[in-house]
Each structure stands twice: as C-alpha cells, then as structure tokens.
Amino acid sequence: MTRVPLRCGALVAAASLAYFAVLLLLGPIAGTPVMGLLLVPAAVAGWCFGVVGGSLAALALVAANAAMASVVAPDGFAVSAGAIPADLMTLAGGVALGAIREWQREATSSRHQALEKLEETEALAAALGASEQRFRLLAEEALVGVYLIQDGLFQYLNRAFADTFGYATTDILGILGPEDLTVPDDWPLVRGHLENRLARGAGPAHYRFRGLRRDGTPVRVEVLGRALDIDGRPAVLGTLLDLTRQTEDEAALRLRMTALEAAPAGIVITDPEAVIQWANPHALGLSGYELDDVLGQSTRLFSSGHQDQAFYQELWRTVSAGRVWQGELVNRRKDGSEYLEAMSITPVVDDDGTVLHYVAVKQDVTQQRAHEASIRDLNESLALQLERILTLRAIDAAITDGRPVAEGIVAYAEAAVRGLKVDAICVFLTNDQADELQLAHARGFRSAPEGFRLELGQGVAGQAAQQREPFVVQGPDEILASVPPRVRSVLANEAFETLVAVPMAVRGSLRGVLVAGHRRHLAPDEGWLEFFRAVATQGGILVDNATLLDHLKARNAELQAAYDATIEGWSRALDLRDRETEGHSRRVTELTLRLARAMGMSDEELVHLRRGSLLHDIGKMGIPDAILQKPGALTEQEWTTMKRHTEFARELLAPIEFLGPALEIPDAHHERWDGSGYPEGRAGRDIPEAARIFAVADVYDALTSDRPYRPAWTHEQAVAHIVAGSGTHFDPEVVEVFVRLAGERQGTDAGTGDAGS
C-alpha cells in the first residue's frame, strides 16, 4: 500500500524537475508558452493523488512557476500576465486527472466487488445444492419419518413415514392430508397443533397422537414440527416417530421391572466399583435396609467379616474378567444378625468387554442349608441303620442256610467287619465245658493268628466273657498290657488303636466272644455298642443253631440210614416170600437209577426213586400166598385180586410222610402209555415220570429172569420187545434212552441172567 504513493511522488517530482529545467532553458527564449508545460506535472499529481492531491500539487507548481518566472523572464509583468491561463489550465488538469483517476479506481473497485460477489454466489449455490442433496439423502434414509405439509396436504415425505402408515409414498404425496392419517378422535389435537404452527406465532410442536394405518388399525406416533415459509406460503416441516416398538419395549421393560420387583430372589445392581445403584424389595428384605440406605453405598455394607481377603480377591478376579461368580458367604443385616447367602454375580459388559455393571442375585439359604444338613444327617442315620439291618440280615442268612459251623462263622465275620466298620474281627468260641475260649476265625489281620486259647478272665476277650459285658481298651500300650504275653507279639504288629470285645451269649449261655480291632481311634457311642451287642448275639445264635443243625444232620443221616435199611429189609422180605423173583427188586432198582440219571434226574429225585423202586411190590404183602405163589396161570378173579396190590401199596405207604414222594412207582408202575394199564388207566405224561422209567426197567428184568412158566429171554429179545411196545406200553423217550444204554452194555452183563444189575 505504501509503494504506490512513493512511486507517484517520485514521478511528480521528476516531471516537476523536468518542467523547471525546460523553463530555465527555454523560458527566456519561448516566453509564456513554456509555462503551459506545467500542465504535465499537475496532471501526473492529479492522476497519482486524486482531486485534492492534484489541486494542491497544481497550486504548489503554480507558485513555484511564478517564482521561477520572475527570475527567468526579462519582463516579469508580461510573464505574470501570460501565466494566468497556464496556471488555470494546470489547476484544471490536476483536478480533472484526479477526478478521472478516482472514478477509475471506483470503477475498478466496483468491478472487483462484483466479481467477488459473483464467485461467492456461485460457491453458495454449489454449497446449497450439496446441502440439499445431503438433506434429501439424510431424509430419505432416516429411520424416523420426515414430512412437509403445505396447503393442507403432504408435499414431501420419506419412506419411513410412508411405512409407518402402510402406504407407498406416491399414495400420499399431494393426495392425503394429516387428518387422513389420524384416528378421528385425535383430529382436534392434530388440527390444533397444525393451526398454531401455521399461525407463525407458536414455537416447535412436540406431541403424541394415534395415527391411522391403511388397514384401519391405529398406531401410536410422536411428532416434532416447525412452521416455515416456502415460496411465500406457510408450511410445516417435521419428523414422525413410530412408537409401536417403543411401546412394546416400554411394556416389556415394565414387565421385566415388575418381575424383578416381585422376584423371590434378591437382586442388586452396582457400578464397576461395587457401588449400589438399585436393589429390589427382596434384596432389601434380606438385608433389613431401605432403598435410600443402600443407594450409593458400597456392597461392603453387607460384609460380616467371616470371609477373608483371599475370598474377596478371588471373587473380584472372576467378575472383573467378565466371568460369572457363584458361591455362598455369610452377610450381615442392618440389625447385626447374620445369614448364609447364596449369590451369583454376573458382569454386564459392552462390545469392548468393559464392565459397565454387576448384577448380583442373592438368596437366603440359612434355613435351607440347615434343613439339608438335617436331611443329610437323617439320610446318614438311615443309611447306617439300613447297613446294620443288611449286616444282621446277612448273618441271619448264614444262620438259616444250614451251613456247617466253620463256614457260617466265616460268613459271619465278613458281615461283622463290614457292618461294624472296623479293620479286624476275631471270633472266639467256648469249649464244651465253657471254661476256655478257642480262636475259631480271624479276619482283617496282617498276620493270621492261629491256635489262640484263653481262659475266662484272660485278655480282652477273656474279661468280656467273664464279666458278660462289653470290654473296651484304647491305645496301643493299653491294648498290649491287657493281653497275655504270648498274644502281644501278634497284636504289636497290628498297631490297633482300639480293641472292643463283646460276649456272644444265647439264652443265658456263653457261646463265645466277638473281638473287633481298629487301627484308628474309635470312640464307640451307645448306638454302636448296641449294634455290636446285636451282632455278637446273632453270632451266638449262629454258633448255637449251626451246632444244633450239625447234630440234627447227624441224627437225620442216622435216621435216613435206618429208614433205608428198613426199606431194603422190606424188599428182601418180599423177595424171600416169592423165591421165584428173588433179587428182582435189587436189579430193577439199579437199572431204574441208571435210566433216571441218563434222563437228567437230580440226586434228591434219585433218593425217592430208589425207595419207590425197592418198594414197588410192597402191596403184594396183601395178596394171599395161594395167588402170589400159584405155579400156573391165574384165573380172572385171582388176577383181579392180584391187580389190587397197587391199591394195597398206596394204603400201606401213604400214612408214612417221608415216603410220600416214593409212592409214585408202587402206585403207577403198571399204567401204560396208551392208557390201557391199571389201576386208573392214566395215559402219556399223566403217568408220573418215575413210574414210566421204572416200567421199562421192571419189564426188562422180568423178561430176562427165569419163571416157572417160561425160561429167561435173551437181552436182544427183551430189548426188541420193549422197542415194540414204545408208544403203546412204554414212554418213547424212556425207550430211546434205554436202547442207548442197552447198546453201551451189550456184550458185557446185558445178556446174562443178571442183565439188569
């Protein structure tokens, strides 16, 4: 800005110096016309400095010119008089050039301003276009409805607005107005707000109403509108929000809050620093505080001091890492009382994993845990009682299953160890004089003791036997001191901490002593000792019962032998009475037993089968000798009498109970497979199996034995006869087995007169 005046000043100075130089050189010669050259520097000054600057410069030049003229011109008056027009021209030139310069500057400035304004206008238009495009894109893609109302109709709306009411945008634009999309009952509300907006005197409108969808269903909406002028006419521009989802969310939120408020568990929400932000009524009921008491307080408010620092450190390590913590702890109520609380703490995290809140769910489990403990105790007690009952049942089984004394005591000791839950058991039995104890069985010892004998009053077992009361010794030293020297070496290796001995008495008689050893300290309570007494008593019953059973078995064996000897005596007596059939009963019995074994009969069945075979003709004791020993053929009447021997056998044997199972053969051995036999005409499998087997053996032995009326048949003849009678006289299955056995014995004793032996 300072360089232009300097250049202009230098130009004026140069022009002035040039003028005065010319004036000095040519003034004396040319005279007044030379003064007209003064116009040049004046014009330059006016051009450079404007009207005022040019005027001042012209006046200064005129003054300088007059001074110079008086010096240079020979006739000063003449020069002065002729200089007046030149001076006026100089002044006019300076003023004129100054005016022209100022006009030029203003014109240039105006042109520049116009150009700048044009550029600014173009930039504004471009920005406005871009802004309009952004606004339209934003409006079209907005999640809320955007609308413009003018002249009572919608002139613009976006897709979200149209979707809210179930229309396409083309179905609304320029066709429908606000009331067309409003439930009739809400027309006054909408109309009033629109009129206020269009009156331009009201501020923005923000309200809710019920819209009307295309299908006639209502929809709750919220609008925000503002009045404006478009093309000189009033309009309303606003946004519309569909409240359907929000209403549903609010309802769901209310429902959840109601559920949280009514939840039977305590719920506490805290910030990341464990400062309480909300608690439901149940949580407040647990702690005894009011909501105002806990809001803004740390959860340490509930701390009881029962949990150590390590507990809380582990808890916070878990939840601060975004994991759920679950556990139980003791908390304190407002009144100072304590309760056991089961709690789970769930972190609420954002997308970055930062913990925003903690939600703690709490439950008072004091009574529940107490009940659970009571139930556990009861279950343990029931389990113990059941185990003890099972132990006694196992001992009862050993008592009743008829085992010998030694085997019964082994099973008894095993059950006693299991039921008493001890490491070892010793069973001592009394001798016949009941003045000494003999070790019968030991279980659970590291080295099995053998041959121990104790006098009554000697050692733990002897003292229990003598006093007839349980005897308990605690401690290794005390145990070793309580036993005879010869027993100490064995017990020292066992390292028992507790030794208990209980007498085994039955009906006032001592049967022995049960001794239990345990390698850990055992404090027997009354219940355990009572159970021990029951086990010891059962042991005494076992010994007593097994001893009696052994005696009974021996007596029964003797009696059975006597019975069998008697039966064999009856059989021999029958054979002696009928000398023609002597040895028949023995032979047919042996063959019957062979057949029965081959057909799978048990040993118990074979016992009755043998007795029935020996007694098959016992009924003949009721047949007169004249008929029984008649050498010739029997008459029809005699044969009728002979057939009654099966009836006589039943009458004779039925009263004898132990011979009941053997009665099948004497009663039915003359029945036939086809039903043609006697005494009842039974057929097939209605005939007892024992009788069907015996029938084959009886006929074979009869055919292969000599009779007064015929000689003995050969083995082959007898077998062929029996095979021919299969399915009529004999059971086919029995015949099949008989033929197989006959083939195995062929060539040995099968063809002799004693073939059936």
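Since the model is a prediction, treat every value here as computed from it, not as a measurement. Worth knowing before you read on, the calculation uses all heavy atoms, side chains too, and leaves out hydrogens, waters and symmetry mates.
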Checklist entry - Of the non-hydrogen atoms in H518 and K421, which two are nearest, and what is the gap between them? => result CE1-O, 3.5 Å
Item to check | Over 12 non-hydrogen atoms of neighbours within 6.0 angstrom of CD in E736 | outcome: no
Next on the checklist: Strictly distance-based, threshold 3.5 Å: is any side-chain N or O of Y412 a donor or acceptor partner for the main-chain N or O of V535?
Outcome noted: yes
Checklist outcome for this item: One should read off an interatomic distance between H616 NE2 and T592 OG1, to the nearest 0.5 angstrom, of 8.5 Å
Checklist entry - Mind checking whether Y678 and H670 have parallel, tilted or perpendicular rings, split at 30° and 60°? => result parallel
Next on the checklist: Less than 4.5 Å apart, side chain to side chain, heavy atoms only: is that true for I425 and V515?
Outcome noted: no
Next on the checklist: Looking at every non-hydrogen atom in both residues, tell me the closest pair between T537 and A505 and how far apart they are.
Outcome noted: CG2-O, 4.1 Å
Next on the checklist: Could you go through W673 and V734, starting from their C-alpha distance and side-chain angles, then the distance that decides it, and tell me whether this counts as side-chain contact (heavy atoms from CB on, under 4.5 Å)?
Outcome noted: CA-CA 11 Å; W673 184 259; V734 177; over 6 Å; no
Checklist entry - How many angstroms lie between CG in L609 and CG in L593, if you round to the nearest 0.5 Å? => result 5.5 Å
Item to check | Nearest heavy atoms of A424 and V417, plus distance in Å | outcome: C-CG2, 4.4 Å
Item to check | Donor-acceptor contact present, side-chain R611 to main-chain L659, <3.5 Å | outcome: no
Checklist entry - Do the side chains of D617 and H645 get nearer than 4.5 Å, heavy atoms only? => result yes
Checklist entry - Do H721 and Y700 pass the side chain to side chain donor-acceptor pair (under 3.5 Å) test, and can you show the C-alpha distance, the side-chain angles, and the key distance before you say yes or no? => result CA-CA 9 Å; H721 176 79; Y700 175 83; over 6 Å; no
Item to check | T728 side-chain N/O to G725 backbone N/O, donor-acceptor pair under 3.5 Å | outcome: yes
Checklist entry - Got a sec, which residues hit side-chain hydrogen bond (donor to acceptor under 3.5 Å, both in side chains) with E680, two or more places apart in sequence or on another chain? => result R682
Checklist entry - Hey, are R692 and E689 close enough for a salt bridge, meaning a charged N less than 4.0 Å from a carboxylate O? => result no
Checklist entry - Is there a donor-acceptor contact under 3.5 Å linking the side chains of N431 and Q438? => result no
Checklist entry - How about W528 and L420: do any of their side-chain heavy atoms sit closer than 4.5 Å? => result yes
Checklist entry - Hey, does the side chain of S726 reach the backbone of I722 with a donor-acceptor pair shorter than 3.5 angstrom? => result no
Item to check | Partners meeting side-chain hydrogen bond (donor to acceptor under 3.5 Å, both in side chains) with Q385 (sequence neighbours left out) | outcome: none
Next on the checklist: Determine whether a donor-acceptor pair (N or O, by modelled atom type, separation under 3.5 Å) exists between the side chain of R488 and the backbone of L480.
Outcome noted: yes
Checklist entry - Does CD in E526 sit with more than 12 non-hydrogen atoms of other residues, nucleotides or ligands closer than 6.0 Å? => result yes
Item to check | Taking every non-hydrogen atom, the tightest pair across Q307 and V330 | outcome: OE1-N, 2.8 Å
Checklist entry - Are the side chain of S374 and the backbone of A370 linked by a donor-acceptor contact shorter than 3.5 Å? => result no
Checklist entry - At what distance, to the nearest 0.5 angstrom, does CG of L329 lie from CG of L340? => result 7.5 Å
Checklist entry - What are the two closest heavy atoms between S482 and Q463, and how far apart are they? => result O-NE2, 4.1 Å
Checklist outcome for this item: Taken to the nearest 0.5 Å, the spacing of L382 CG from I375 CD1 works out to 11.0 Å
Item to check | Lys/Arg N to Asp/Glu carboxylate O, R533 vs E530, below 4.0 Å | outcome: yes
Item to check | Inter-residue atom distance H306.NE2 - N331.CG, 0.5 Å rounding | outcome: 10.0 Å
Next on the checklist: Under a 3.5 Å distance rule, please check whether E407 uses its side chain to pair with a backbone N or O of P404 as donor and acceptor.
Outcome noted: no
Checklist entry - Counting N and O atoms only, with roles assigned by atom type, does the side chain of R511 sit under 3.5 Å from a partner on the main chain of L429, one being a donor and the other an acceptor? => result no
Checklist entry - Within a strict 4.5 Å, meaning less than it, do heavy atoms of the F531 and L392 side chains meet? => result yes
Item to check | Residue pair A695 / F730: nearest heavy atoms and the distance that separates them | outcome: O-CE2, 3.8 Å
Item to check | Salt-bridge present (E651, R644; N to O < 4.0 Å) | outcome: no
Next on the checklist: Heavy-atom count check: over 12 atoms from other residues, nucleotides or ligands less than 6.0 Å from R393 CZ?
Outcome noted: no
Next on the checklist: Return the CG to OG1 distance between D423 and T498, rounded to the nearest 0.5 Å.
Outcome noted: 9.5 Å
